[in-house]
Amino acid sequence: NSEPAPFNEYEFPLDSNWEIPRSQLILGATLGEGAFGRVVMAEVNNAIVAVKMVKEGHTDDDIASLVREMEVMKIIGKHINIINLLGCCSQSGPLYVIVEFAPHGNLKDFLNKNRPLAAGTLKDYGEQQHQLPLPKHHLTEKHLISFAFQIARGMEYLASRRCIHRDLAARNVLVSDDYVMKIADFGLARDIQDTDYYRKNTNGRLPIKWMAPESLQDKFYDSQSDVWSYGILLWEIMTFGAQPYPTIMSAEELYSYLMSGQRMEKPPKCSLNIYMLMRQCWHFDAMARPTFVEIVENLDKLLLANE
Ligand code: ADE
């Protein structure tokens, strides 16, 4: 057995369908960082892309997760409303997974930035002065329903490919040019046995608030638990990215709240039709929730009626 080459810890099988020469990639600014991963902006043949990689201090498991995420993306295939795989650099050097770049960042921050003035505080705006300019036109209810429709289309596709997201939330949807919504992180290996309800995400928030009761109680996930999370995401959209259940602090508290039949109220500027859809997504009984196919049909009708 030969010694591993320096600076080249791992060897990956070459997949010539996806391999991009490392020399064609120009790495740029960091877009986001998680516990073990990093996403960097880059340029390939004059196109802007996003590159996923592991950070220094990673473990073998972190590499395995990134490889798995890439393989899941290859198998799932392309759809306009998901972040698509573009290629990878897997040979002689660190593994880079190259995906579509979404110029407007994540949906939660995008909605916060585009909050109508009356609904946002001046402080919110103060913090955002140095970021993207506000769009020329404010977001109408039709825009918001179109966002919800596109995300439902992406989820309908993922569900048809037997992919369960497990963390569908506005923070995991990216906004591309022309307000195209793209679901991100659907290929992440989530160790659900390891779910720690008290661990906060990178924004210091508890992901429990997006979880269906059966996921909270039994760590059970399927496309119908994704539908529950979709209902919370719908609520985030209609509130321009507010924090769900602001007073609830723990998984136990949330579970008893939901068990007793309580649900979030209708957001101020949300139509009854959209609120009814949210409430259907929040049926305690997973079978009583609509499927993503039904959600797409419902929103399609609402958009047509709104024309
Ligand atoms: N942040 C994380 N992933 C991203 C992507 N693909 N595009 C833009 N910003 C991102």
Side-chain angles (χ1 to χ4, degrees), residues 18 20 24-56 58 62-63 65-74 76-90 94-114 127-128 130-135 147 150-151 153-155 157-158 163 165-190 200-205 207 210 229 233 236-237 241:
W18 294 96
I20 292 173
Q24 288 181 14
L25 204 65
I26 306 162
L27 295 182
T30 297
L31 293 166
E33 275 191 38
F36 62 83
R38 170 183 293 146
V39 184
V40 167
M41 200 170 164
E43 205 183 306
V44 174
N45 304 326
N46 296 318
I48 308 286
V49 297
V51 178
K52 289 194 157 201
M53 58 187 78
V54 294
K55 293 207 294 196
E56 254 133 82
H58 62 267
D62 299 333
I63 304 268
S65 304
L66 185 59
V67 170
R68 201 195 104 112
E69 184 181 359
M70 172 174 72
E71 296 303 325
V72 167
M73 293 177 96
K74 287 179 187 174
I76 284 177
K78 290 194 185 298
H79 188 274
I80 171 107
N81 298 119
I82 67 177
I83 287 286
N84 290 292
L85 180 69
L86 299 174
C88 62
C89 301
S90 69
L95 176 62
Y96 292 160
V97 176
I98 304 164
V99 301
E100 289 176 321
F101 170 71
H104 298 289
N106 79 66
L107 178 59
K108 185 186 168 76
D109 293 346
F110 178 81
L111 290 168
N112 283 169
K113 273 175 215 155
N114 292 294
E127 284 169 358
Q128 284 148 7
H130 303 293
Q131 293 175 344
L132 279 174
L134 290 169
F147 298 171
Q150 294 180 56
I151 297 161
R153 287 280 286 250
M155 287 307 300
Y157 178 73
L158 290 176
C163 175
H165 192 296
R166 297 189 173 87
D167 195 15
L168 183 60
R171 61 180 174 274
N172 287 329
V173 173
L174 294 170
V175 183
S176 202
D177 280 323
D178 301 321
Y179 299 152
V180 172
M181 299 292 126
K182 287 182 173 279
I183 298 163
D185 290 345
F186 53 86
L188 276 191
R190 292 190 174 83
K200 294 180 176 180
N201 63 24
T202 45
N203 299 317
R205 293 186 173 116
W210 283 260
S229 310
L233 169 48
E236 291 184 277
I237 293 175

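We count ligands from 1, going down the list as the structure has it; atoms in each ligand are counted the same way. Numbering starts at 1 and runs along the sequence shown.
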Report the nearest protein non-hydrogen atom to [atom]: residue, atom name, distance rounded to 0.1 Å.
| atom | value |
| --- | --- |
| atom 6 (N) of ligand 1 | E100 O, 2.8 Å |
| atom 7 (N) of ligand 1 | A102 N, 2.8 Å |
| atom 2 (C) of ligand 1 | V39 CG1, 3.8 Å |
| atom 1 (N) of ligand 1 | L31 CB, 3.9 Å |

Mutual orientation of the aromatic rings belonging to Y157 and H79 [parallel < 30°, tilted 30-60°, perpendicular > 60°]: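 Parallel, since the angle between the ring planes stays under 30°.
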
One residue to check: L174. Relative to ligand 1, which of side chain, backbone, both or neither has a non-hydrogen atom less than 4.0 Å away?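 Only the side chain of L174 comes within reach of ligand 1.
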
Would you kindly specify which portion of M41 sits under 4.0 Å from ligand 1, judged on non-hydrogen atoms: side chain, backbone, both or neither?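 The answer is neither.
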
Distance in Å, W18 CH2 paired with I98 CD1, rounded so as to fall on 0.5 Å steps: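 Separation between the atoms: 11.0 Å.
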
Once rounded to the nearest 0.5 Å, what's the spacing between atom CG of L27 and atom OH of Y96?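 Nearest 0.5 Å value for the CG-OH distance: 4.5 Å.
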
Flag the pair D185 and R171 as a salt bridge only when some basic side-chain nitrogen lies within less than 4.0 angstrom of an acidic carboxylate oxygen.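 Result for this pair is no, no salt bridge flagged.
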
Check this for me - ligand 1, A50, N or O atoms closer than 3.5 angstrom, yes or no?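 There is no such contact.
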
Donor-acceptor contact below 3.5 Å, side chain H104 vs main chain D109: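 Judged by distance alone, no pair lies under 3.5 Å.
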
Heavy-atom pair of closest approach, residues F186 and I76: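 Heavy atoms only, the tightest pair is CD1-CD1, 3.8 Å.
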
